[in-house]
Amino acid sequence: MNPQSQSLIQQAIGYFQRGNLEHADALIQTVLEREPRHFDALHVLGVIRVQQRRRDDAVELFRQAIAVNPGSSLVHFNLAAILSESGQDIEALPHHERTVNLSPRQPDAWVNYGRCLNNLERYDEALACFEKALQIAPDFVEALNNQGALLAGIGRNEEALRCFERLLALGYSHPSAWLNVGNTLCKLGRFEVALPHFDRCLQLDPGNAMAWRQKGNILNQLKRHHDALVCYERALTLAPEDDYLHEDWLSTKLSMCDWFGIDARIEEIVARIERGQKAAIPFSVLNFLDDPALQKKAAMIHAKKFPPDPGLGTIEKYKRKDKIRLGYFSHDFHNHATSFLAAGMFEQHDRNRFEIFAFSFGPDKDDAMRSRLLSAFDQFINVRDMSDMQIAQLAREMEIDIAIDLQGFQTMHRTGIFAFRAAPVQVSFLAYPGTLGTEYIDYLIADNTLIPPENRQHYAEKIVYLPHSYQVNDRQRTISDKKFTREDFGLPQDAFVFCCFNHQYKITPQTFDGWVRILQQVDGSVLWLQGAAADAVGNLRREAEKQGVSGERLVFASFMSLPEHLARHRVADLFLDTLPYNAHTTASDALWAGLPVLTCMGASFASRVAASLLTAVQLPEMIVQSQQEYVQRAIELASQPHRLAEIRRKLEHNRLTTPLFDTALFTTHIEAAYAAMLERYQADLPPEHIVVQD
C-alpha cells in the first residue's frame, strides 16, 4: 500500500469533513491517476460524489470498489443506500443482504435492509429486519420508527401504537413521532386521546400542515366543527396545493350548514377532478355533485392509492364445493346503519347452498347488534389487527368464493384487501352508493332505478340488477310501543310537521331554499330535523330568518334508541328528502315507521336511492323530477289532508305486502345474483351485467 497515496486520502478525508469537496475531489483524483484500482480512493470518491449529488457516478465508483474488495461491508452498505434512495430497491437488495451477512451486528444495516424489503412489499421479512436491529440495539429509534410506520401501513395499529409510544418514552420528541402516535390513535377510533399528540406536534413544529389537517379531522369527529375549520384554514395557508384540504374545508362547512364561500370551493374541486388531480375523497363528492361522470373520475383518481397488487399471485380455481362461500367485509358489524339493514339477510341465507363469513376490521363493540351477528354468521373473524395482505391471504386460505365489500370508500375502509384479490369474485354492496373506480371490484349491486342502462358507463363495475331495490331491509326491526306525543318533542300540536332526519352535511343551500319556500306557503308548519351541533343549529335558523321564516319553526330532535327513534316518526306528517345525497337508511326508517317520504330524483346513484325504495314499496307518486315539482308537491300534500291520509294508508298496507321490507325475498334474489356471478367465473367468462328476475 503506497504510503503517499494513503497520506493523500487522509488529507482528502479531512477536506471532506470540513465541507471542502473541491479539494477532497482533487486529491483523490491524484491517487486514482496513479492507482486506478485503489480501493480506499474509489470508495472515498464515491462518498464525495454522493455529496455532490452525482449519484450515477457514485454508484459506478462503489461498484468498482466492490470489484476490488468484495468483502467490504461499508461499501455494500453505501451502495445499497444510494440505490434505495434512488428508488432502485431491486438492485439494492443483494447489497443490503451482503452488508448484514458481513456485519450482522450493525443495527442500521438491518434497518436499511428492512426499508428496502418494505418498499418491495415483503412486509414480514421487513418486520423481521427491524426486530433484528432492536435485538442488537433495543433503544434504536430508527428501527422503532420504521417498525411502527410499517405496522401502521399494513393495518396492525395496536402494534404500531406500542412502537410509537416506546419511541416517546425513550425521549424521542421529533414532531413526526407525535404525529405518528396521533394518526395511529385515530385509526383506532380513539380521537380524544389522539388530540393532545397533534397539539404537541404543533408546539414543536407550528408549520406542519399535515398536523393541522389531522387535528381538524379529529375535531370534526368530535363534532367541534368550528375549531376544525380553523385548523383547515391554517393548513391551507401552509399548503394551499394539498390534495384534499379544500375538500376537508368544504365538508366541514357543509356539516356546519355554513354555506358562505362554498360555491367557489366546489368550482375549484370540480376543476381539479376534471384535470385528473386529487381533490376530494369520493364519498364527499357524493354530497355536493349530482354528476355520475365526475363521481367516477374522482373515484378513479382516489383508487390509484390502492392499485392492483399481485403480491399474492393469481388465484387458482378452488375445487367445487357443495356450498358457495360468501365473505362479508366491514368495519361496521355492530350498532350501525349497515348492520341494521343487513342483519336479517345474514340470518336468512340458505345454509344448504351458502356458507357465510364475517371479516370484521372494526372495533370490538359489545352491543346488541354484535351479539346478533355473532350468531348470524357461520364464522365471525376479527381481522382488525391484520394487514390488508394478510386478510386477503386468509380469505384465500378459507377459499372464499365471493368477497363482498360492505364499506366502499366510507370512513375506515380497507380497499387494499380487495387490491390483493381476496376472492375470485369481488362485489361492492350496500354501504357505498357509487362506483369505486377500480378494476378489481367486479360487480356493484344496484337496481334499474339507481342505474338505468344508459348510465352504466359511469360505473367501473359490472352492474347486478336486483328486481326491486338494491337495499336490503331487516323485517325484524323493532318499533317501540311507546305512544309519543308532539309535546314530547317540542312540536306544536296542531301544526303540519315536515321532517328530515338526514345528516346536516346533506342539507345543501338549494335543498334548504326549497324547504323555506314550503314553510312560507304552509302556515304554521314546522320542520323537524336531526339534532345537530350548536353551530349548525344557529346557521340554519339564521338562514331561515334571512328568508323571512322564524328560526323557531326549525325544531331539532335529540338522540334516542333506534326503536324509539322509529316510533317518533309517527308524530310527523311528511318526510322531506335531500338532494343530491338522498336519505338512504333514514328513508327506509321513515317508511318502515309508516311515514311517507317525498324525494326529488337526481342523476347519480346517491341521488336515486329514495326513489328506489319508494318504487319497491309502490309509492311512485312520492317521486318527483325537479326542485320546483318537489316544493309544489310538498305544499299540495300539506294542504290536502285527505290526499296525504290516503298515501299513509297505502304505505301502511304496502309495508308488509310489497318487496321493500321482504327480507326473505331479497335474500333469495341476491343469492341468485351471487350464484350467477360465480357461474360466470367457473365458466371462465369475464364479469358481465347481470339481471336477476323476480
Side-chain angles (χ1 to χ4, degrees), residues 257 259 483-504 506-532 536-558 560 565-579 582-583 586-587 589-591 593-600 610 614 619 621-652:
C257 300
W259 303 314
K483 304 299 182 184
F484 290 115
T485 67
R486 289 185 169 184
E487 186 178 5
D488 293 328
F489 306 111
L491 297 166
Q493 187 62 38
D494 298 324
F496 192 95
V497 177
F498 298 101
C499 87
C500 180
F501 292 137
N502 287 356
H503 286 293
Q504 278 71 39
K506 295 186 180 182
I507 304 174
T508 64
Q510 295 76 21
T511 292
F512 192 73
D513 286 348
W515 290 350
V516 170
R517 282 158 47 204
I518 293 166
L519 293 175
Q520 288 169 337
Q521 294 297 313
V522 181
D523 291 342
S525 60
V526 297
L527 178 59
W528 193 20
L529 300 172
Q530 183 192 58
V537 171
N539 287 330
L540 287 171
R541 284 183 165 154
R542 278 189 291 274
E543 189 64 31
E545 297 276 1
K546 280 165 52 179
Q547 299 187 48
V549 170
S550 169
E552 296 304 311
R553 291 174 69 183
L554 304 184
V555 182
F556 292 87
S558 57
M560 300 185 82
H565 169 66
L566 291 171
R568 70 176 162 188
H569 283 78
R570 292 169 172 166
V571 305
D573 293 302
L574 179 63
F575 188 105
L576 296 176
D577 197 13
T578 50
L579 188 74
N582 283 176
T586 43
D589 285 349
L591 294 169
L595 178 64
V597 174
L598 176 65
T599 191
C600 180
L614 288 162
L619 286 176
E621 61 269 39
M622 301 303 289
I623 306 167
V624 299
Q625 307 293 327
S626 70
Q627 177 82 344
Q628 181 178 351
E629 189 181 359
Y630 173 85
V631 171
Q632 189 59 39
R633 184 70 54 84
I635 295 168
E636 289 171 0
L637 291 171
S639 305
Q640 301 173 24
H642 63 283
R643 184 177 173 190
L644 184 58
E646 177 58 34
I647 290 170
R648 290 189 82 119
R649 284 192 294 272
K650 183 177 177 183
L651 173 58
E652 183 58 30

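Separating the CG atom in L540 from the CG atom in L529 is a distance of 6.5 Å, to the nearest 0.5 Å. Expressed to the nearest 0.5 Å, how far CG of L637 lies from CD of E621 amounts to 9.0 Å. Once rounded to the nearest 0.5 Å, the distance linking NE2 of H569 with CG of D589 reads 5.5 Å. Q521 CD to E636 CD: the interatomic distance, rounded to the nearest 0.5 Å, is 11.5 Å. W528 contributes atom CH2, which lies 5.5 Å from atom CZ of R568 (distance to the nearest 0.5 angstrom). Taking CD of E545 as the reference point, atom CD of E552 lies at 7.5 Å (rounded to 0.5 Å).
Comment: R643 does not engage E646 in a salt bridge, judged by the lack of any side-chain N to carboxylate O separation of less than 4.0 angstrom.
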- Trace of the side chain to side chain contact (heavy atoms under 4.5 Å, CB included) decision for S525 with I518: CA-CA 9 Å; S525 60; I518 293 166; 5.7 Å; no
- Query: Yes or no on side chain to side chain contact (heavy atoms under 4.5 Å, CB included) for L554 and F512, after CA distance, side-chain angles and deciding distance?
  - Reply: CA-CA 11 Å; L554 304 184; F512 192 73; 4.0 Å; yes
- Query: Taking it one step at a time, do E543 and K546 satisfy salt bridge (Lys or Arg N to Asp or Glu O under 4.0 Å)?
  - Reply: CA-CA 5 Å; E543 189 64 31; K546 280 165 52 179; 3.3 Å; yes
- Item | Verdict with reasoning, L491 to V526, per side chain to side chain contact (heavy atoms under 4.5 Å, CB included) | CA-CA 8 Å; L491 297 166; V526 297; 4.2 Å; yes
- Message: Could you walk me through whether V516 and L527 satisfy the side chain to side chain contact (heavy atoms under 4.5 Å, CB included) test, starting with their C-alpha distance in whole Å, then the side-chain angles of each, then the deciding distance to 0.1 Å, before giving a yes or no?
- Response: CA-CA 9 Å; V516 170; L527 178 59; over 6 Å; no
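Within the 4.5 Å cutoff, no side-chain heavy atoms of F575 are placed close to those of P596. Side chains of Y630 and R517 form no contact here, defined as non-hydrogen atoms less than 4.5 Å apart. The shortest side-chain heavy-atom distance between C499 and L595 falls under the 4.5 Å cut-off.
Among V624, L576, N582, I623, the single residue meeting the side-chain contact (heavy atoms from CB on, under 4.5 Å) criterion with C600 is V624.
Using a distance-only test at 3.5 Å, with no hydrogens or angles considered, no donor-acceptor pair links the side chain of T511 to the main chain of I507. Between the side chain of R633 and the main chain of M622, no donor-acceptor pair closer than 3.5 Å is present. Under the 3.5 Å distance criterion, the side-chain polar atoms of Q504 are matched with a main-chain donor or acceptor of Q530. A side-chain donor-acceptor contact under 3.5 Å links R553 to the backbone of L519. In this structure a side-chain-to-backbone donor-acceptor pair under 3.5 Å is missing from R570 to F484. No donor-acceptor pair under 3.5 Å is formed between the side chain of Q627 and the backbone N or O of L579. Under the 3.5 Å distance criterion, the side-chain polar atoms of N539 are left unmatched by any main-chain donor or acceptor of A536.
The two residues G531 and F556 come nearest to each other via the heavy atoms CA-CB, 4.3 Å. Residue D494 comes nearest to R486 through the heavy atom pair C-NH1, 4.3 Å, listed as atom of the first residue, atom of the second, then distance. The two residues T578 and A583 come nearest to each other via the heavy atoms OG1-N, 4.1 Å. Here the shortest heavy-atom pairing between Q547 and D513 reads NE2-OD1, 2.9 Å. Residues A495 and G524 share a closest heavy-atom pair of CB-O, 3.2 Å.
Other residues, nucleotides and ligands place no more than 12 heavy atoms under 6.0 Å from the CD atom of Q628. The environment of NE2 in H565 is crowded: more than 12 heavy-atom neighbours from other residues, nucleotides or ligands sit within 6.0 Å.
Proximity of the aromatic rings of W515 and F498 is defined here by a centroid distance below 6.0 angstrom, and this criterion is not met.
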